[in-house]
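Here the structure is laid out as structure tokens; the discussion comes afterwards.
This structure is a prediction, so every number in the text was calculated from the model and none was measured.
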Amino acid sequence: MGAKAKSPTLAPLAELLGVDEEQLLMLRRYDAGKIETLQSAVAEALEAEDAAFATASEDALRLVPRLLRGPARAMLLPGGRRG
């Protein structure tokens with residue numbers, strides 16, 4: 001009998017998704033390369049979502065009167081003041 005291939009670790013993907021690794025056990029049938037590709041795609045999608053949200057938030061703040069933008073930005077955006 002040949003050595004069984006090591007199951008890919010799902011911990012980084014689970015952490016990225018904010019779920020328990022046990023919820024991803026069905027992915028163990030895929031090789032490590034496919035898991036890494038999925039992990040990269042998810043990371044890129046989350047980064048794109050964060051960037052789109054930041055852009056939309058800044059665009060929305062432009063509708064707030066200038067004197068109130070600072071306090072509104074501090075309440076609505078993580079990290080408070082930007083640009």
*Does anything in residues 13-27 pair up under salt bridge (Lys or Arg N to Asp or Glu O under 4.0 Å), and if so which pairs, sequence neighbours excluded?*
Glu21-Arg28

*With sequence neighbours excluded, what pairs up with Arg62 under the salt bridge (Lys or Arg N to Asp or Glu O under 4.0 Å) test?*
Asp59

_If the condition is side chain to side chain contact (heavy atoms under 4.5 Å, CB included), which residues does Leu27 pass it with, not counting sequence neighbours?_
Leu10, Leu13, Leu24, Tyr30, Ile35, Leu38

_Test of understanding: with side chain to side chain contact (heavy atoms under 4.5 Å, CB included), list the residues that count as partners of Ser57, not counting sequence neighbours._
Phe53, Leu77

*Which residues, ordered by chain and number, are linked to Leu25 in its hydrophobic cluster, where ILVMFWY side chains connect at heavy-atom gaps below 4.5 Å, directly or through other members?*
none

*Quick one: CD on Gln39 to CD on Glu44, what's the gap to the nearest 0.5 Å?*
11.5 Å

*Residues forming a side chain to side chain contact (heavy atoms under 4.5 Å, CB included) with Leu67, sequence neighbours excluded*: none

_Could you report the tightest heavy-atom contact between Ala72 and Leu61, atom names first, then the distance?_
CB-CD2, 3.8 Å

*State yes or no: do Leu63 and Leu76 share one hydrophobic cluster built from I, L, V, M, F, W and Y residues joined by side-chain heavy-atom distances below 4.5 Å, directly or via other members?*
no

*Taking all heavy atoms of Gln23 and all of Met26, pick out the closest pair and write down the distance.*
O-CE, 3.1 Å

